[in-house]
Amino acid sequence: MALHSETGGIHLSISKELLSEMYRKMLRIRKFEKTASVFFAEGKIPGFVHLYIGEEAIAVGTCANLRDDDFITSTHRGHGHIVAKGGNLKYMMAELFGKETGYCKGKGGSMHIADAELGILGANGIVGAGHLIATGSAWSAQYRGTDQVSVCFFGDASTNQSTFHEAMNLASLWKLPVIFVCENNLYGISVSQARHQNIKDISQRAVGYGMPALSADGNDVLTVYEKVGQAVSRARAGEGPTLLEFKTYRQHGHFEGDSGAYRPKEEVEAWLQKDPLPRFESHLLESSILTEEELEAVRREVDEEIREALEFADASPYPAPESSVQDIYSDLIEEARIR
Amino acid sequence: MRKITYGEGIREALREKMLENKDVVLLGEDVGPYGGTFGVTKGLWEQFGEERVRDTPISEGVIVGASVGAAATGLRPVAELMFIDFLTFGMDGLVNQAAKMRYMFGGKISVPLVLRLPAGGGISAGAQHSGSLEAWVTHVPGLKVVYPSNAADAWGLMLTAIDDDNPVVYIESKVLYSQKSEVPDKVSKVPFGSAAIAREGADVSIITYGKQVHDALKAAAALAKDGIEAEVIDLRSLYPLDKETIFRSVAKTHRALVVTEEVKRGGYGGELSALVSEQCFDELDAPVVRIGALDSPVPYSQVLESLVLPSVEDIVKGVKEMF
C-alpha cells in the first residue's frame, strides 16, 4: 500500500502489516506507561520512573527500520525504546516491580533495562553516556564487517554534554554506522531548551562535525519512519552517521511525581493537540488502512498483553538475598557481606 | 631466559593476543604510527594495520566510552590513555558504564575491555601527569585492577587481562617502562589474584606492587645488613586480591608494612592496612605501618618530588620503627 508522508513529500511504500504493527507498538508503549504510572502512584513500583508518553512516534518510527541484530542505546526515559525494539512486556514489568523474573533480575530497574539478543545495549541513568556506547557498537559492527547499525536515542539536554561532541566527532571521522536520534522534548528536567542552549535546532550542531542532519516533526510516526529509514540506508551502505532531531513533547513531568509546573499551561495544551497516537489513528482511518474495528481489536489485544504482564510481575518472586552480589563479575562472586 | 623491558613485555602480550584473536583491537592517542606516548605499541600499527591499531582524537571520553560499546558487542578492545590522570575524562565510561553493566543488566552483557593507564611520578612531570590513582578504581565493584612490577608479569597479566570477560584496569608504572628483567622463553599467563613473593624473609612482611616492589627490595637489602629479613610481597593484582598470601606471610613474620606511591589519605594502602589489622590482629606484634606519598599533588621540582614520594629510606625507617 502506498502512503503519502505528511511532511516529507516522498511516497513511501509501507505495508498494512507494518503500519498495523507500528500502531500496536505505539499503543503498547502508551498503555505500558499508563499502567506504570498507576502502579508507581500506588507504591508497587519503587524508585524513579520517567515516562515516554507523548514521544511514542519516535521510538516506533525509528525501530520499524531496524533488525533484531541492530543496536540501540537508550536513556533514563527508556521504556518506549525497549518496547519498540521488541522488548518483552512481562520482563519489563517484572523489572519495574523489582522481581527476580525481570529483565535484569530486579537489579536494574526502570533506568537499566537491556536485552543483548535484541541489541538493546541498555537504558541508561547517565545523561549522555549512550552517545559513546553507540559509537562503540557502531565501530564494532564496522570492524566485524557486518551491516548492523546502531541507533543512539537521546534528549535535547544531553547534547550539552561533552560525550555528544566526542561521539559526533569520532563517528563522523571514522564514518561509523550510527544514527543519532535526538528526541527534543524541549526540556532538560525543568529547564527549557531556550534556557539550556542558544540554538533552536539541535541539528545545527552537526555542521561542526561534517555530518548530515535534519530536524523534523517527532509526533508523526511516518515522518520519523521515513527520515530514519534514509539514515539507516546511508549507514548500512558505509556512508557514515546522521544526526536526526525530532521535536516532541513529554506529556507527563520529568519523572512520576513531578507536576511539570514549570511548563506553561497553553504550551502543554497545544502539544496535547498534537498527541502522536490519536494522530496516527486518524491517519489510519482516513486513509482507509485500518477500520475502527481493526483498531479496536488491536487495543483489546494490547490490553490483554498488559494484563498478562502485570499478572506475571505480581506473581513473580522477589530476588533471593544471595543474588545481590551475583552478576558483578563473570567469574567471581563478590565477598558476601549480607547481614 | 632473556631480558626484555617492561614496555616490551606489554607489547609482546598485545602482539601475541592480536595474532591469536582478531577481535583484539587497540585504540588510544598516538598508539598508531607514533607507537604510543611511552613506545609500548611500537610496530603494532605496521604489523596489524590501521583497522586494528587506531589512533583516536585526544578525547578520553570517547576512547573509554566507545571501547565499552565495542566490548559489549563482540570486540576485545585494549584502550590506552596517555596518563592515568586523564581518567577524569573517561571516568563515566569506566565506572558508571563498564563496571556496572553486567550487574545492572542481570548478567546479560559482558564488557571485556582492558584499559591501560600509565601511572606514577618520578619524572618531574608535574601534578597532572604523575598520579597514582589506584584507589579510584579499586573502589569500584565490577572492575578488576592489576599493576605489574616486571616484564614477565607485565606480559603474563596482559594475556590474562585480554582473555578476561570483565573490564580490567591495567596500571603501568612509567618509570619501569625501560627497565629490563628476565622473561622465560615461553611466558605464561599470570592468573589474577595471585601475588608473588619477590623476596622471602621471616621478620616483616612488606606488602606492595608496581614500582614500589623495587624500592621494597632495596630496603630489604639494607635491612638485611642490620639483621632484619623482610619478606616482599608483590601483589600484581589489586582486585581480585590474593589475601591468602598476605595472611600466610603475616602469620610467619608477625609484622606488616604497606608501601604505595599514592597519597595515604583515602588510599588503597589504607584498605590493605585495614585488611591486615582486621584479619591478622592476633598475629601482629606491632601495628601495621603505611608508607605512601605525602598528602599533596605531585610537585614538579625534582627536589620537592622526591620529598613528596615515598623513598627506600622511608621504608627502611618504617620497618625499623616496628621493632
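Just the heavy atoms: all of them, side chains too, but no hydrogens, waters or symmetry mates, feed the values below. Residue numbers begin at 1 in each chain, while the letters A, B, ... track the order of the sequences.
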Side-chain contact, heavy-atom cut-off 4.5 Å: [X] with [Y]?
X        : Y        : answer
B:Phe105 : A:Asp327 : no
B:Val62  : A:Asn169 : no
A:Cys104 : B:Lys108 : no
B:Pro57  : A:Leu173 : yes
A:Ile328 : B:Arg102 : no
B:Asn96  : A:Asn124 : no
B:Val68  : A:Leu132 : no

Closest approach of [X] and [Y], non-hydrogen atoms and distance?
X        : Y        : value
B:Tyr239 : A:Leu332 : CE2-CD1, 3.9 Å
A:Trp139 : B:Val25  : CH2-CG2, 3.6 Å
A:Ala114 : B:Ile109 : CB-CD1, 4.0 Å

Exercise for review: Please check if any side-chain donor atom of A:Ser140 sits under 3.5 Å from a side-chain acceptor atom of B:Thr73, or the reverse.
Suggested key: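 Checked: A:Ser140/B:Thr73 side chains pair up, N/O donor to acceptor below 3.5 Å.
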Point to revise | Side chain, backbone, both or neither of A:Ala123 within contact of chain B (heavy atoms, under 4.5 Å) | key: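 A:Ala123 touches chain B through backbone heavy atoms alone.
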Check your understanding: By a 4.5 Å heavy-atom criterion (distance strictly below it), what part of A:Tyr143 contacts chain B: side chain, backbone, both, or neither?
Key ->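 Contact with chain B is through the side chain of A:Tyr143 alone.
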Check your understanding: Quick check: does any side chain N or O of A:Lys107 sit under 3.5 Å from a backbone N or O of B:Tyr103, one acting as donor and the other as acceptor?
Key ->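 Side chain of A:Lys107 to backbone of B:Tyr103: no pair is present.
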Check your understanding: Is the backbone of B:Gly142 close enough, under 3.5 Å, to the side chain of A:Tyr329 for a donor and an acceptor to pair up by distance?
Key ->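 Between the backbone of B:Gly142 and the side chain of A:Tyr329 there is a qualifying donor-acceptor contact (under 3.5 Å).
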**Study point:** Whether over 12 other heavy atoms sit under 6.0 Å from A:Tyr91 OH
**Key:**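 Not more than 12 within 6.0 Å, no.
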Output the option from [options] having the highest count of non-hydrogen pairs under 4.5 Å with chain B.
options                               : result
A:Asp115, A:Ile133, A:Ile113, A:Thr73 : A:Ile133
A:Gly119, A:Ser137, A:Ser150          : A:Ser137
A:Ile126, A:Thr135, A:Leu170          : A:Ile126

